[in-house]
Amino acid sequence: MSRPASTRADLPPLSALERRAAGGLAAIFALRMLGLFMILPVFALYAHDLAGATPLLVGLAIGAYGLTQALLQIPFGLLSDRIGRKPVIYGGLMLFALGSVIAALADSIQWVIIGRALQGSGAVAAAIIALTADLTRESVRTRALAVIGISVALSFAAALVLAPVLGELIGVSGIFWLTGALALLGMGLLARVVPSPGRSATHRDAEPVPDQLAGVLADRTLLRLDAGIFLLHLTMVSLFVVLPLSLAEAGLAGAAHWQVYLPVVLAAIVLMVPFIIAAERAGRVRGVLVGSAAALAAALLGFAVAPANLWLLAALLTVMFTVFNLLEAVLPSLVSKAAGAGAKGTAMGVFASAQFTGAFLGGLLGGLAHERFGPEAVYLVGAGAALVWLAVAWTLRPPGQLASHLLPLGELPATALPTLRERLLAVPGVEEAVIAVDEGVAHLKVDNRRIDWARLTATAAEV
């Protein structure tokens, strides 16, 4: 059996154009998500200045972006296949900027909700990922997309640290003006930094394909993973309906909340690493998922009964963010492994829609619980969601250790098609194969422990 051809030393570097594309698109994605996230740590503190503000409507304002994002991200991705990636991204950023302006000018909570919903309607995630796929080779695409994923995590961390200071300096309306400016900056990056693709094509590894939706929605493993990200974001967004109030009650001024968030975020990044290693390398995925759900439920129950003590709140928040960062890394990896050959893009699209739906319901249910039963009830809502996730994780059968692999084929002669799939499946270690004639590639699921890379390469060369 041959040595794998895709060891780290053999991976081709990104070209200058690919680095420019990945960096520019990651920056655009991060600027947009920073704008969405920056309201989370501060809105509950300042919303009482708005006419008509109630706890329910405050929660709805916090989570409203999730509903429109969930509804529109797949349709906008499909629209980008028809009219081009950049027009859709420009349009989405314009909607985001418009929503930011409406929220900045709002003198009532209802107009903030409208502005936040408009921000979410600029759902450009799928179009950005598709454009990344257009501008990168199959051999480096995973790394380019990973840059975008990292940028989102960094934008969340940055929002937690920056928002409390900005809230004190420029107020919530100023933050909305700033997010509008970030959208315009994103448009400038799209125009000046991101290259235009020679052509756009459907990439089944990176974007949804309509005829695959039914199969993805019928897959029980994928549905459990979708439930996991849904419940995780429901829990996290509901937390921010009352967490700023709890920190203030513990004696920490709003402008100083970053003094809790910064060390907590840094500690959570360090603490999650051994659990990721246990899940990805030691084969303890189910144990990590079950343990994370139990820790999440325990932390939220702790918030509900804990006295207003900053050290205790910081400790509980460290557990929360460690679990959040851990699952944000592990769950997408599991979706990639569980998705059938050629269905990864569709599976990830559904997964992202579940995530944003959870964010919307987190704000809505958190606001409702706060209004009806008080702040402790919001933490209990999150604990209940975590217990549901515990039950789902307990029944989850982790997907096998199969990796997705794109095999370039070039232009395929018609005579090669009838037998090509069977020949690929005959290669040791190839478990699934889907031939995408329009892409000029084969989407494979391979067992890296058994794959005969030399034979696979030879089979492709014979086409």
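FYI, the numbering just counts along the sequence from 1. These numbers come from the heavy atoms of this one structure, side chains and all, not from hydrogens, waters or symmetry mates.
- Considering every non-hydrogen atom in both His443 and Val441, the closest pair reads NE2-CG2, 3.7 Å.
- Side chains of Leu331 and Val335 form no contact here, defined as non-hydrogen atoms less than 4.5 Å apart.
- Of all heavy-atom pairs between Ala22 and Val147, the closest is O-CG1, 4.2 Å.
- Inter-residue side-chain proximity for Ile109 and Leu60 is flagged as unmet; no heavy-atom pair is nearer than 4.5 Å.
- A heavy-atom distance below 4.5 Å is not found between the side chains of Arg286 and Leu396.
- Checking side-chain atoms of Thr318 against main-chain N and O of Val264 turns up no donor-acceptor pair under 3.5 Å.
- Leu105 places none of its side-chain heavy atoms less than 4.5 Å from the side chain of Trp111.
- Formation of a donor-acceptor pair under 3.5 Å by the Gln212 side chain with backbone atoms of Gly342 is found in this model.
- Applying the side-chain hydrogen bond (donor to acceptor under 3.5 Å, both in side chains) definition to pairs two or more places apart or across chains, those involving residues 335-344 are Glu280-Lys337, Lys337-Gln401.
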Can you list, pair by pair, the side-chain donor-acceptor contacts under 3.5 Å of residues 161-188, counting residues two or more places apart and other chains?
unit_1, atom_1, unit_2, atom_2, d
Thr179, OG1, Ser100, OG, 3.0
Thr179, OG1, Phe176, O, 2.7

Leu14 vs Thr136, test: side chain to side chain contact (heavy atoms under 4.5 Å, CB included). Steps then yes/no. CA-CA 8 Å; Leu14 274 72; Thr136 54; 5.6 Å; no
Let me see the working for Gln119 and Ile102 under side chain to side chain contact (heavy atoms under 4.5 Å, CB included), right down to the final yes or no. CA-CA 10 Å; Gln119 283 185 321; Ile102 289 173; over 6 Å; no
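- Scanning both residues, Asp219 and Ala338, for their nearest heavy atoms gives OD2-O, 4.3 Å.
- Between Phe240 and Leu160, some side-chain heavy-atom pair lies under the 4.5 Å cut-off.
- Atom-to-atom distance recorded for Asp211:CG and Thr346:OG1 is 7.5 Å, nearest 0.5 angstrom.
- In this structure, the side chain of Arg284 does not engage the main chain of Ala278 through any donor-acceptor pair within 3.5 Å.
- Between the side chain of Glu432 and the backbone N or O of Leu444, no donor-acceptor pair lies under 3.5 Å.
- With hydrogens and angles disregarded, no donor-acceptor distance shorter than 3.5 Å links the side chain of Arg450 to the backbone of Pro428.
- Counting only residues at least two apart or on different chains, the ring-ring contact (aromatic ring centres under 6.0 Å, His included) pairs with a member in residues 13-43 are Phe37-Phe156.
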Could you tabulate the donor-acceptor pairs under 3.5 Å formed by side-chain atoms of residues 220-235, not counting sequence neighbours?
unit_1, atom_1, unit_2, atom_2, d
Arg224, NE, Thr395, OG1, 3.1
His233, NE2, Glu328, OE2, 2.7
Thr235, OG1, Leu231, O, 2.8

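- Rounded to the nearest 0.5 Å, atoms CG (Leu425) and CG (Leu420) are 9.5 Å apart.
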Please test Leu25 against Ile129 for side chain to side chain contact (heavy atoms under 4.5 Å, CB included), starting from the C-alpha separation and ending with a verdict. CA-CA 8 Å; Leu25 289 168; Ile129 291 171; over 6 Å; no
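- Pairing each heavy atom of Ser15 with each of Arg137, the nearest pair is N-NH2, 3.7 Å.
- To the nearest 0.5 angstrom, Leu243 atom CG is 5.5 Å from Leu317 atom CG.
- For the residue pair Thr419/Glu422, the side-chain donor-acceptor check at 3.5 Å is not satisfied.
- Taking all atoms of both residues into account, the shortest heavy-atom contact from Leu327 to Ser292 is CD2-OG, 3.5 Å.
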Return a table of donor-acceptor pairs under 3.5 angstrom between the side chains of residues 61-76 and protein atoms on other chains or two or more places apart.
unit_1, atom_1, unit_2, atom_2, d
Thr68, OG1, Tyr65, O, 3.2
Thr68, OG1, Ala117, O, 2.8
Thr68, OG1, Ser121, N, 3.3
Gln69, OE1, Arg32, NH1, 3.4
Gln69, OE1, Arg32, NH2, 2.5
Gln73, NE2, Gly349, O, 3.0
Gln73, NE2, Ser353, OG, 3.0

Output a table of donor-acceptor pairs, distance under 3.5 Å, between side-chain atoms of residues 85-96 and any protein atom two or more places apart or on a different chain; print 'none' if there are none.
unit_1, atom_1, unit_2, atom_2, d
Arg85, NE, Asp134, OD2, 2.8
Arg85, NH1, Ser80, OG, 2.9
Arg85, NH1, Asp81, OD1, 2.5
Arg85, NH2, Asp81, OD1, 3.4
Arg85, NH2, Ala201, O, 2.8
Arg85, NH2, Glu207, OE2, 3.3
Lys86, NZ, Leu190, O, 3.1
Lys86, NZ, Val194, O, 2.7
Lys86, NZ, Ser196, OG, 3.2
Tyr90, OH, Ala191, N, 3.4

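- With Ser238 contributing its side chain and Gly362 its backbone, the two residues share no donor-acceptor pair below 3.5 Å.
- At a threshold of 4.5 Å between non-hydrogen side-chain atoms, the residues Val124 and Ile28 do not count as touching.
- To the nearest 0.5 Å, atoms CE (Met38) and CE (Met33) are separated by 12.0 Å.
- For the atom pair CG (Leu456) and CG (Leu407), the distance works out to 5.0 Å, reported to the nearest 0.5 Å.
- Proximity of Leu31 to Leu189: side-chain heavy atoms (C-beta onward) are separated by under 4.5 Å at one or more points.
- Heavy atoms only, all atoms of each residue included: Gly24 and Val193 are closest at CA-CG1, 4.1 Å.
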Yes or no on side chain to side chain contact (heavy atoms under 4.5 Å, CB included) for Glu431 and Val446, after CA distance, side-chain angles and deciding distance? CA-CA 6 Å; Glu431 302 295 332; Val446 303; over 6 Å; no
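- Here the side chains of Leu45 and His257 are in contact, with some heavy-atom distance below 4.5 Å.
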